2 protein chains.
Amino acid sequence: MADGPTITTIAERAGVSIASVSRVLNGLPTRQETVRKVMAAAEELGYVRNAVARSLKSRRTHQVAFAMADVGNPAYLAMLRQIQPVLKSAGYRLVLHSTDAVVADEIDVLHSLGERYVDGLIMSPLRVTEQHLDMLAAARAPVVIIGSVPEGTPVDNVRADSRTGVKLAIDHLYRLGRRTIGMVNGPTDTVPGAARGAAYREALEDLGLPYDEELVEIGDFYRAEGGRAVAALLERRPDVDALMCANDLIALGALDVLRAAGRRVPHDVAVAGMDDTDLAAASWPSLTSVSLGSAERGKAAAELLVDRLKNGDREPRRVTVPPRLAVRASTTGEEPAPYQAPGAERGTP
Amino acid sequence: MADGPTITTIAERAGVSIASVSRVLNGLPTRQETVRKVMAAAEELGYVRNAVARSLKSRRTHQVAFAMADVGNPAYLAMLRQIQPVLKSAGYRLVLHSTDAVVADEIDVLHSLGERYVDGLIMSPLRVTEQHLDMLAAARAPVVIIGSVPEGTPVDNVRADSRTGVKLAIDHLYRLGRRTIGMVNGPTDTVPGAARGAAYREALEDLGLPYDEELVEIGDFYRAEGGRAVAALLERRPDVDALMCANDLIALGALDVLRAAGRRVPHDVAVAGMDDTDLAAASWPSLTSVSLGSAERGKAAAELLVDRLKNGDREPRRVTVPPRLAVRASTTGEEPAPYQAPGAERGTP
DNA sequence: TTGTAAGCGTTATCAA
DNA sequence: TTGATAACGCTTACAA
């Protein structure tokens, strides 16, 4: 942990000026003999370039930040997993910010761009407030937002399409012959809750099915809460033959409760989740689930940012990632063969 | 995205020297009038300190790196989730490195400490090679290793105890009356594979049970592979009444295959996994699983590093985190009540 | 081809 | 209490 050598140390050792050292290190035209001497000295001293000093001079840190509410959330994790390699291969390090779903922390991150410790930022805010928009307009580094921003906001933007996602699932249930399709949602004062609730209603309308408030139950985006909500729904409407759950955890809660109630899935009640997390493939029966393309959104966001860091100013771009329905046993009854490898699973070590 | 103001800009605006600006900004004793002028100018200009310049001067970046094979791996994710808040509250940013299980990449990360873009590093290497040890001895910043390093290695070190972990599970199975306990392991040329295989053998010995090679099957740490291995084992030893699986994915594969074979879990065959991932609680039947304390290890590592960054040189410290057995239905047959909230689940948004 | 020197934006020393 | 100035470690004109 001794103090590292600098170009000055090398210059002395090699008997040349620091300018020559720098030139050699950067591959600029230099006399062969000088190159040799400098390389030898650098080698002997175990020289490594000081990234901070380079950044100060070049005004580039080769770092990019990714800010989201919580890495533990599978959706953000999926984004992160795609963002990382894109940045890495473009030569950027990744700085991770967890904002714990606190808006003030998000604003903080935007503000901290002024410190210039990163060249750009990818942010997936919970919701975009007025304050966000103000800060975005004044941001001191390029920002890519994963989520929706108003037309005209001067940032690149990647969005999901949860409305179409819900529709995919509802249409699927309808084609399977289900006509009494309930909805188990999370709080409707959240962005996803509101969007998914509205989408459910629209999807029914498109199919000519009546919207019935009795078939809708609001809980929270967790397994136990989801289970409770499903129990209440079943109590009220024992004739329900399908459940559209606003996320996978709620759907797992639904499976718990249906099993306890002696209802067979999908024979009596078909169940669909959303987000297509690892849990969907792990549960039994495995869970049909709508993927909103978190992985793709992460990848797109990283690519947009890298592109912008190359080409300073172009028009802000917008990318919308289409949803995808992963059909599994909880609606069709057909478990995949046990030996068939599911997607990218990860385990020990 | 205009070029940000610097202390020079402020100095001009306030009609004072840059030294005064710096003093005010750092809360050093200054005349009230000067403070006012400087603060006003800083405010108007929307000044934010340049972190890079500060770092160059102070030789501290307030950044810490965490390097592991793959964030997608639940064990590393659990570490990350604990590391993040510890660092954050200590005033450090987190730089994330995924090494993709490539040893050269790990060495690279160690080498890059010389660039001084971080004040310290937490690393969870796959295995610690000679080269690792050489680099660690010469590391240009404090390092905490999650994993085992030889006695005398000059780094703080946090380790799990997989041997005791396996023993916990085997003892549990034994107490439930199982006497023909099979082992489904991953490759034994990996560190976890070797350790868990050896621990299985020892645990049996401790109980006075014979070690029988026929009861051991090697596959890989994935669900499909695990299933295949279990099928082979069942074929050879249909009398097996319990399966110790080297991780949760293997255990899920075991559940798949046992179900397909018409064997009831746990009535005919009890199943235990390892790592206690989210999947263990999500599966059905829910999975008894050994936690090796990834979360605790992450937390301990972060705390060790923060402590060392405060108190330059103290003796290297070693922390061992004890394993814990999460008992669930795959061994006891008792599903938790559906309404009972499982651990910290995360979902939408 | 090489060296001198300025400058990136700070902090910190030293006189005034 | 303040200002001029020298670092921090690097890149890059500009001169030699």
Side-chain angles (χ1 to χ4, degrees), chain A residues 2-42 45-63 112-119 140-141, chain B residues 2-39 41-42 45-63 91 112-119 140-141:
Chain A
D3 238 35
T6 71
I7 51 170
T8 308
T9 333
I10 297 183
E12 286 166 1
R13 180 103 165 203
V16 300
S17 73
I18 61 166
S20 285
V21 175
S22 177
R23 276 186 292 258
V24 171
L25 260 23
N26 290 299
L28 296 178
T30 316
R31 189 158 51 109
Q32 214 30 250
E33 171 63 6
T34 309
V35 171
R36 208 193 41 68
K37 284 191 296 188
V38 168
M39 294 308 262
L45 293 167
Y47 173 79
V48 182
R49 271 193 192 76
N50 183 308
V52 177
R54 296 193 96 196
S55 295
L56 180 58
K57 189 72 188 134
S58 66
R59 297 154 152 283
R60 292 199 134 235
T61 60
H62 299 283
Q63 295 193 154
S112 74
L113 288 180
E115 296 178 21
R116 308 210 146 281
Y117 66 98
V118 285
D119 297 339
R140 297 261 166 84
Chain B
D3 238 37
T6 70
I7 50 170
T8 309
T9 333
I10 296 182
E12 285 166 1
R13 179 103 165 204
V16 299
S17 73
I18 61 167
S20 286
V21 174
S22 177
R23 275 187 292 258
V24 170
L25 260 23
N26 290 297
L28 296 178
T30 315
R31 191 158 50 109
Q32 212 33 249
E33 171 63 6
T34 309
V35 172
R36 208 194 41 68
K37 284 192 296 189
V38 169
M39 293 309 261
L45 293 167
Y47 173 79
V48 182
R49 270 194 192 74
N50 183 308
V52 177
R54 296 193 95 194
S55 295
L56 180 58
K57 191 70 187 138
S58 67
R59 297 152 154 286
R60 292 198 134 235
T61 61
H62 298 284
Q63 295 193 155
S112 73
L113 288 179
E115 295 178 22
R116 308 210 146 280
Y117 66 97
V118 286
D119 297 339
R140 297 262 166 84

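Quick caveat, the model's predicted, so the values are computed rather than measured.
- Closest to the side chain of Asn50(B), from the set dT2(D), dG9(C), dC10(D), is dG9(C).
- One atom, CG of Leu56(A), and another, C1' of dT10(C), lie 8 Å apart when rounded to the nearest Å.
- Taking atom CD1 of residue Ile18(A) and atom P of nucleotide dT11(D), one finds them 10 Å apart after rounding to whole Å.
- Within 4.0 Å (heavy atoms only), Thr6(A) reaches sugar-phosphate atoms of the nucleic acid but no base atom.
- The side chain of Ser58(A) contributes no N or O atom lying less than 4.0 Å from OP1 or OP2 of dT11(D).
- Between the side chain of Arg23(A) and the base of dG3(C), a donor-acceptor pair under 3.5 Å is found.
- The environment of CD in Gln32(A) is sparse: at most 12 heavy-atom neighbours from other residues, nucleotides or ligands sit within 6.0 Å.
- As judged by a 4.0 angstrom heavy-atom cut-off over every strand, Val52(A) is placed among residues making no nucleic acid contact.
- At whole-Å resolution of the value, NE2 in His62(B) and C1' in dT10(C) are 13 Å apart.
- Taking atom CZ of residue Arg54(A) and atom P of nucleotide dT11(D), one finds them 5 Å apart after rounding to whole Å.
- Atom CZ in Arg59(B) sits roughly 14 Å away from atom C1' in dA12(C) (whole-Å rounding).
- Rounded to an integer number of Å, the gap from Arg116(A) CZ to dG9(C) C1' is 12 Å.
- Taking atom CD on Glu12(A) and atom P on dG3(C), their separation rounds to 13 Å, with Å as the unit.
- When distances are taken from the side chain of Thr30(A) to each of dT10(C), dT2(C), dG3(D), the shortest belongs to dT2(C).
- A donor and an acceptor atom never sit less than 3.5 Å apart when one is taken from the side chain of Lys57(B) and the other from the base of dA12(C).
- When the C1' atoms of four end pairs are superposed on the next four at each end of the helix from dT1(C)-dA16(D) to dA16(C)-dT1(D), using five pairs per end, the two resulting axes differ in direction by 50°, to 10°.
- Distance Ile7(A) CD1 to dC8(D) C1': 12 Å, rounded to the nearest Å.
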